[in-house]
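A quick write-up on the structure given underneath.
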Amino acid sequence: QNNLPNTFTDPETGIIFNTWGLPNGAPQTQGGYTFGMALPEDAFSTDATEFIGYLQCAAKDAQGWCGVSLGGSMTNSLLIAAWPHEDTVYTSLRFATGYAMPDIYAGDAKITQISSSINSTHFTLIFRCENCLKWNHNGLSGGQSTTNNFMILGWVQAFPSPGNPTCPDQITLEQHDNGMGIWGAVLDGNVANPSYTAWAAQATKTVT
Ligand code: HEM
């Protein structure tokens, strides 16, 4: 996983992301994994509470799921799980206090989608994540400070699809089996953009 970010511009929406990932062919995970983030213009001077996220994950024949830990570790961090099903990419906000099936996150974070796509090898989701950079799960709190220009994040991928895939609150998961890790994500100037507000306004699709 790279620490210094790459800059990626999504061709469809024009959204500019800092991205970190593992290329297809990397030994840590089959198929590769990319997470990206875009932040409000003032994120280096005032801690942002939200971001626009980019996830491109491996999925053979649209099977599998992936995730990101917004605090790095699986435990005591806000987790986002994502998976494809038919023509939809679903997400679930989760929180784990141990290395077992995470609970439904009890805080007020919210995901709305900007775009998604699924092909025979990968799925991609661009989403707005509001109230996602500080978390509070029944009193267990934490978060990220965008003014630090640095975040510890975690990634995970799995081959089997979730059970109950069309109902994010009721998914069942097996322990992930296609790699996981923690990385230090350095943010550079391309992550914070004056167009953030206009990009975030494109997040109009709620998938529940
Ligand atoms: C690590 C179990 C779901 C994210 C781990 C580890 C275990 C585990 C045992 C440590 C493995 C090791 O160090 O060798 C499980 C089980 C799950 C589950 C049983 C569900 C049934 C999830 C989900 C996410 C996630 C939904 C995120 C969306 C991570 C991350 C790590 C990890 C980022 C690496 C960082 C760390 O060790 O804390 N998981 N997990 N896991 N898990 Fe999970």
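In each ligand, atom 1 is the first atom listed, and ligand 1 is the first ligand listed. What you see is a predicted model, and the numbers here were worked out from it, not measured in a lab.
- Between Thr75 and ligand 1, no pair of N/O atoms sits closer than 3.5 Å.
- Using a 4.0 Å cut-off between heavy atoms, Ile182 contacts ligand 1 through its side chain alone, with no backbone atom that close.
- Closest to atom 29 (C) of ligand 1, if we only count protein heavy atoms, is Met74 CB, 3.4 Å.
- Between Phe17 and Tyr54, the ring-plane angle classifies as tilted under the 30° and 60° cut-offs.
- The proximity of Ser73 to ligand 1, defined as any non-hydrogen pair under 4.0 Å, involves the side chain as well as the backbone.
- Looking at His176 and atom 43 (Fe) of ligand 1 together, the shortest N, O or S contact belongs to NE2.
- Residue contact check: Gly67 has heavy atoms under 4.0 Å from atoms 28 (C) of ligand 1.
- Atom 43 (Fe) of ligand 1 does not have Gln175 among its coordinating residues (no N/O/S atom, backbone or side chain, under 2.8 Å).
- In terms of protein heavy atoms, atom 6 (C) of ligand 1 is closest to Tyr99 CD2, 3.3 Å.
- Trp199 and Leu133 fall into different hydrophobic clusters, defined by Ile, Leu, Val, Met, Phe, Trp and Tyr side-chain heavy atoms under 4.5 Å apart, directly or through other members.
- The contact set between ligand 1 and Trp155, taken as ligand atoms under 4.0 Å from a residue heavy atom, comprises 33 (C).
- Close approach of ligand 1 to Leu173 is summarised as follows: ligand atoms under 4.0 Å from at least one heavy atom of the residue are 21 (C), 26 (C).
- Between Cys66 and ligand 1, not a single N/O pair is under 3.5 Å apart.
- The atoms of ligand 1 that sit less than 4.0 Å from any heavy atom of Ile80 are 28 (C).
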